[in-house]
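Working notes, beginning with the structure itself.
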Number of protein chains: 2
Amino acid sequence: MVDNKKTNTQNEEQELSAVFAALSDPVRRAILNRLGEGELLVSQIAQPFEISLQAVSKHIHVLVKAGLVVQERTGRVSLCRLDTGPIYKAAIWLNRYSKYWQAQFDTMAVWLDELDKKRK
Amino acid sequence: MVDNKKTNTQNEEQELSAVFAALSDPVRRAILNRLGEGELLVSQIAQPFEISLQAVSKHIHVLVKAGLVVQERTGRVSLCRLDTGPIYKAAIWLNRYSKYWQAQFDTMAVWLDELDKKRK
DNA sequence: CTGTCAATCAACCATATGATTGAATGTAAA
DNA sequence: TTTACATTCAATCATATGGTTGATTGACAG
């Protein structure tokens with residue numbers, strides 16, 4: 001098996017790109033939010049959206065390819081659930097900027113307040 | 001000033017989309033990495049890349065639009081530095097999945113080990 | 001002034017993305 | 001064994017993205 005450090009790094013880079021790209025779409029983030037509350041069928045995921053079922057199915061596929069969602073087909077339905085392994089890596093990458101977070105901590109505090117207000 | 005809760009949420013969503021989209025490109029992540037070590041001119045940022053200066057300039061512009069980089073033009077040069085405020089929001093968003101992190105903590109530990117090995 | 005140089009603007013191109021509609025697949029129910 | 005239903009596949013379309021090259025802007029040096 002040919003697999004050196006450089007190749008690994010490239011794979012990590014690609015994986016990171018796929019995760020961030022998957023998270024860059026509001027529909028996909030909404031799907032992840034709903035899956036955070038429990039497993040759902042494709043049709044259940046699609047229900048609240050105004051776009052077609054096929055479009056939602058494609059979004060789910062993007063999430064699966066990025067490793068954020070696992071799909072398990074039993075019979076004619078397909079259960080989807082979170083698989084947040086790769087999100088670790090994204091979070092870890094973001095954490096490398098933590099020293100800057102400290103410097104601008106007030107900004108974050110303000111934003112957290114706003115977020116709390118919205119959730120009431 | 002017309003600005004209701006729904007509009008705010010949409011703005012937050014768009015901002016989050018812009019941040020994640022900006023982070024989804026390996027060149028832009030590399031730029032952020034380098035800026036993490038200090039301020040740099042556009043030409044200095046472009047130097048290690050094989051793509052054209054114009055392409056790098058466009059990448060920087062994407063980072064500026066996402067609010068991750070601030071560009072300050074003095075004379076004919078343009079200093080770039082990190083502005084990680086919006087990264088807070090991305091990190092906070094990711095943290096909503098922290099309960100899943102706990103469940104799969106072993107996976108993260110393994111990945112962190114690999115990361116350490118790479119940095120040696 | 002005039003030429004040089006950092007950076008951006010502009011036009012263009014190839015490919016990727018997100019959506020649609022219609023057909024196909026395959027399981028469950030009648 | 002039909003029929004209905006959940007999901008995916010396929011073809012198509014409009015727009016976004018990332019790259020190129022060439023022209024433009026605007027500050028500094030000779």
Side-chain angles (χ1 to χ4, degrees), chain A residues 10 13-35 38-83, chain B residues 10 13-35 38-83:
Chain A
Q10 279 169 193
E13 283 295 313
Q14 284 174 226
E15 192 170 344
L16 213 44
S17 293
V19 171
F20 283 128
L23 294 175
S24 74
D25 187 281
V27 171
R28 289 194 289 265
R29 287 198 304 276
I31 290 173
L32 292 177
N33 278 336
R34 293 197 60 216
L35 287 179
E39 303 182 342
L40 289 170
L41 302 179
V42 172
S43 48
Q44 292 175 316
I45 293 172
Q47 192 268 320
F49 294 108
E50 289 184 348
I51 61 179
S52 69
L53 179 80
Q54 290 94 322
V56 172
S57 177
K58 282 206 254 178
H59 278 301
I60 293 170
H61 188 234
V62 171
L63 292 168
V64 168
K65 274 196 300 181
L68 302 178
V69 165
V70 173
Q71 224 170 349
E72 201 168 337
R73 189 148 192 175
T74 56
R76 63 178 164 176
V77 298
S78 179
L79 251 188
C80 305
R81 65 168 188 276
L82 285 184
D83 183 17
Chain B
Q10 279 169 192
E13 282 296 312
Q14 283 174 226
E15 192 172 344
L16 213 44
S17 294
V19 171
F20 283 129
L23 294 175
S24 74
D25 186 282
V27 171
R28 288 193 290 263
R29 287 198 303 276
I31 290 173
L32 292 177
N33 278 336
R34 292 197 59 216
L35 288 178
E39 303 182 342
L40 289 170
L41 301 178
V42 172
S43 49
Q44 291 175 316
I45 293 172
Q47 191 268 320
F49 293 107
E50 290 184 346
I51 61 178
S52 69
L53 179 79
Q54 290 95 321
V56 173
S57 177
K58 281 207 252 179
H59 277 301
I60 294 170
H61 188 233
V62 171
L63 291 168
V64 169
K65 273 196 301 181
L68 301 177
V69 165
V70 173
Q71 224 169 349
E72 203 167 337
R73 189 147 192 177
T74 57
R76 62 179 165 177
V77 298
S78 180
L79 252 188
C80 305
R81 65 168 189 277
L82 286 184
D83 183 19

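- Taking atom CG of A/Leu63 as the reference point, atom C1' of D/dT8 lies 16 Å away to the nearest angstrom.
- For residues 53-77 of chain B, every residue pair satisfying the side-chain hydrogen bond (donor to acceptor under 3.5 Å, both in side chains) rule, not counting sequence neighbours, is listed here: B/Arg28-B/His59, B/Gln71-B/Ser78, B/Glu72-B/Arg81.
- Set against C/dA7, C/dG18, D/dT8, the side chain of A/Asp25 has C/dG18 as its closest nucleotide.
- When the side-chain nitrogen and oxygen atoms of B/Gln71 are compared with OP1 and OP2 of C/dT8, one or more of them lie within a distance under 4.0 Å.
- Contacts with DNA chain D (heavy atom under 4.0 Å) in residues 43-52 of chain A: A/Ser43, listed by number.
- The nucleotide whose nearest atom lies closest to any side-chain atom of B/Arg28 is, among D/dG19, C/dT8, D/dG18, D/dG18.
- The nearest pair of heavy atoms linking A/Ile60 to A/Ile45 is CD1-CD1, 3.8 Å.
- Base contact: A/Leu53 has a heavy atom under 4.0 Å from a base atom.
- Proximity note for B/Ala55 (side chain, C-beta onward) versus D/dG19, D/dT7, D/dA27: the nearest is D/dG19.
- Listed candidates were D/dG19, C/dA7, D/dT7. Nearest to the side chain of B/Val77 is C/dA7.
- Contact detail for A/Pro26 and A/Ser24: the closest heavy-atom pair is CD-O, 3.8 Å.
- Between the side chain of B/Arg76 and the base of D/dC28, no donor-acceptor pair of N or O atoms lies under 3.5 Å.
- In this structure, B/Leu40 places its CG atom 15 Å from P of C/dA6, rounding to the nearest Å.
- Of all non-hydrogen atoms in B/Arg34 and B/Gln44, the two that sit nearest each other are NH1-O, 3.0 Å.
- Looking at every heavy atom in both residues, A/Val56 comes nearest to A/Phe49 through CG2-CD1, 4.2 Å.
- The side chain of A/Gln54 approaches D/dT8 more closely than any other nucleotide in the set C/dC5, C/dC9, D/dT8.
- Interatomic distance, B/Leu40 CG to B/Ile31 CD1, rounded to the nearest 0.5 Å: 10.0 Å.
- Minimum heavy-atom separation, A/Cys80 to A/Leu35: O-CD2, 3.4 Å.
- Look at CG on A/Leu41: it is 11 Å from C1' on D/dT7, rounded to the nearest Å.
- Atom-to-atom, CD of A/Gln14 to P of C/dA16 comes out at 13 Å; the value is rounded to the nearest Å.
- For B/Ile31 and D/dG18, the CD1 to P distance is 11 Å, given to the nearest whole Å.
- The side chain of B/Ser57 contributes an N or O atom lying less than 4.0 Å from OP1 or OP2 of C/dT8.
- Pairing each heavy atom of A/Val19 with each of A/Ala66, the nearest pair is CG2-O, 3.8 Å.
- Atom CD in B/Glu72 sits about 16 Å away from atom C1' in C/dA6, given to the nearest Å.
- Between the CZ atom of A/Arg73 and the P atom of D/dC5 there is a distance of 16 Å, given to the nearest Å.
- A/Ile60 places its CD1 atom 10 Å from the C1' atom of D/dT7, with the value rounded to the nearest Å.
- Which of C/dA7, C/dG26, C/dA11 sits closest to the side chain of B/Lys58 comes down to C/dA11.
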